[in-house]
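First comes the structure, then the notes that go with it.
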2 protein chains.
Amino acid sequence: MSLCDSADPPRRRRKEARPQELTAAALELFTERGFAATRLEDIAARAGVSKGTLYLYFDSKEALFEAVIREGIIPAMNEGRTMLEEHQGSASELLRCLLLGWWELLGESPLGGVPKLMVSEAGNFPKVAAFYRENVIDPGRALLREALQRGMDQGEFRPVDVGMAVDVIFAPILMLAVWRYSIGPCCAEEERDPVRFLDTHFDLLIKGLRP
Amino acid sequence: MSLCDSADPPRRRRKEARPQELTAAALELFTERGFAATRLEDIAARAGVSKGTLYLYFDSKEALFEAVIREGIIPAMNEGRTMLEEHQGSASELLRCLLLGWWELLGESPLGGVPKLMVSEAGNFPKVAAFYRENVIDPGRALLREALQRGMDQGEFRPVDVGMAVDVIFAPILMLAVWRYSIGPCCAEEERDPVRFLDTHFDLLIKGLRP
DNA sequence: TACATTACTGACCGGTCAGTCAGTAATGTA
DNA sequence: TACATTACTGACTGACCGGTCAGTAATGTA
């Protein structure tokens, strides 16, 4: 046994970077193991700091959880909004862009774990769940609703119950993301190709919406 | 303060009934709070026994979890199988029966919480997840696949990627069940009427499958 | 080089909870 | 009624982990 190998790397002071690194590590572990089963020491270790450092930036485990969710909502909502406003082509294309865009930008990134995390922990953190609903779910629904409505107004889609259809349409994509962080990893399952899955979903959907 | 009110009910010896009552209580609490955040004492209390009694019937918290899942798979899989074999009408009707049947028999019962529980805890219990996949997910997929295939063979449905379509089709129903035990309760949302939701899903689906 | 500031560390504390077991009382048997 | 069996209880224990804080070392300043 030598005392000099794998010596801990020298301390670094990086006040700016820490919070991001900590929430990123927390997101990974919370989605993997769940909130209660994740130890703060593991989060700190993954972020390359000690547990004490974590408490310099977050008041408590719960505050860290909140930060993870708050941070997870920022990106891409505006992306979708501008896409909606600037899009020129058919409503089908718009719908496809919105759904595929979500998958590629968020679903496939670590942020794709947020829906699973929210599903698992909503009951234990009703405040955070309400926040998430207001700032993510509802705006997302509005986006899809407008796209659907546009297609119906232009006669490209037949009339449907828009409020319900929005959730029906998004469910498969959501499940795709949730799957990734739950049953998916436990079994090989290379056959579950996301692209084929989304293509099939889209094919069924567009045909189902035709007048 | 009187000492005689709310006196504990007299002890009862009910060896036969305990395991069921314990797994039922455990299912409720696990789905509500998650595995790690649920205390065995709370489960025992909800089942009307002490923590010690729990250990007469289950070796550990994990064993109890396994029992909850194992028990959750028994019902209704056979129901679906016989439905498939005996059904005479159109493939659309068969599909509707299978999907609505699942919702009414399982989704709306406490067993509807099992998917959320599995999603949340699969990562921590890969063995149980594999068991669930083998005994619930795969047979369920097979059922839907056969129904779809029948419709395609009879020319009632157009050709689609069956393996993918099965998951696409079931996703909204799964989400409906998962929702109930996660974000759902945290906000009023009486507008999310399951019947309307399923009708919309089915409407889109059948139209989407037409040749 | 000496000193001040502060990001960072990790040993420690106290509460919580899975799991145990000696004791209690309900039920069966004579 | 006396005795045997066993389902059931709940106080207890030890490990674990969220949260603290006195101390350390990296960085800035002169």
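Quick note on labels: first sequence line is chain A, next is B, and so on, each numbered from 1.
- Side-chain atoms of B:Ser60 lie closest to C:dG19 of the nucleotides C:dA7, D:dG19, C:dG19.
- A tilted orientation is assigned to the rings of B:Phe35 and B:Phe30, their planes being inclined by 30° to 60°.
- When each of A:Ile206, A:Thr200, A:Asp199 is paired with A:Phe202, the side-chain contact (heavy atoms from CB on, under 4.5 Å) condition holds for A:Ile206 and for no other.
- When rounded to the nearest whole Å, the span between NZ of B:Lys15 and P of D:dT6 equals 9 Å.
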List the steps and the verdict of side-chain contact (heavy atoms from CB on, under 4.5 Å) for B:Phe157 and B:Gln149. CA-CA 9 Å; B:Phe157 299 153; B:Gln149 195 63 56; over 6 Å; no
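- Between the OH atom of A:Tyr57 and the P atom of C:dA7 there is a distance of 6 Å, given to the nearest Å.
- The nucleotide C:dT5 finds its pairing partner in D:dA26, both defining distances of the Watson-Crick or G-U wobble pair being shorter than 3.5 Å.
- A salt bridge links A:Asp138 with A:Arg141: the distance from a Lys NZ or Arg NE/NH1/NH2 to an Asp or Glu carboxylate oxygen falls below 4.0 Å.
- A:Phe35 has its CZ atom 10 Å from the C1' atom of D:dG18, to the nearest Å.
- Rounded to whole Å, the distance from CD1 on B:Ile43 to C1' on C:dG19 is 14 Å.
- Within the 4.0 angstrom heavy-atom criterion, no nucleotide atom of any strand lies near A:Phe58.
- Comparing B:Arg12 and B:Thr38 by the nucleotide of DNA chain C whose heavy atom lies nearest to each, the residue mapping closer to the 5' end is B:Thr38.
- OP1 or OP2 of D:dT9 sits under 4.0 Å from a side-chain N or O of B:Thr53.
- Note on B:Arg18: a side-chain N or O is less than 4.0 Å away from OP1 or OP2 of D:dC8.
- Closest-nucleotide positions on DNA chain C for A:Ser50 and B:Ala37 were compared, and the one nearer the 5' end corresponds to A:Ser50.
- Atom pair A:Glu16:CD and C:dT6:P shows a separation of 14 Å (rounding to whole Å applied).
- Taking a pair to require two hydrogen-bonding distances under 3.5 Å in either a Watson-Crick or a G-U wobble arrangement, D:dG10 pairs with C:dC21.
- Minimum interatomic distance between B:Ile173 and B:Ile169 (heavy atoms only, all atoms of both residues): CD1-O, 4.3 Å.
- Of the residues near DNA chain D, A:Lys61 and B:Val49, the one whose nearest nucleotide (by heavy atom distance) lies more toward the 5' end is B:Val49.
- When the P atom of D:dT9 is taken as reference, atom CG of B:Leu40 falls 15 Å away, rounded to whole Å.
- The residues A:Arg33 and B:Glu121 are annotated as not salt-bridged, no charged nitrogen and carboxylate oxygen being separated by less than 4.0 angstrom.
- Residue side chain B:Arg13 does not reach the base of D:dA7 through any donor-acceptor N/O pair under 3.5 Å, judged by distance alone.
- On a pure distance criterion of 3.5 Å, a polar donor-acceptor pair joins the side chain of B:Arg11 and the base of C:dT24.
- With hydrogens and angles left out, the side chain of B:Arg39 and the base of C:dT16 share no donor-acceptor pair within 3.5 Å.
- If you check C:dT16 for Watson-Crick or wobble pairing at under 3.5 angstrom, you find it paired to D:dA15.
- Rounding to whole angstrom units, CG of residue A:Leu56 and C1' of D:dG23 are separated by 14 Å.
- In the set C:dC8, D:dG18, D:dA7, D:dG18 carries the atom at the smallest distance from any side-chain atom of A:Tyr55.
- OP1 or OP2 of D:dC8 has not a single side-chain nitrogen or oxygen of B:Arg14 nearer than 4.0 Å.
- Computed from coordinates, the B:Lys51 NZ to C:dC21 P distance equals 14 Å when rounded to whole Å.
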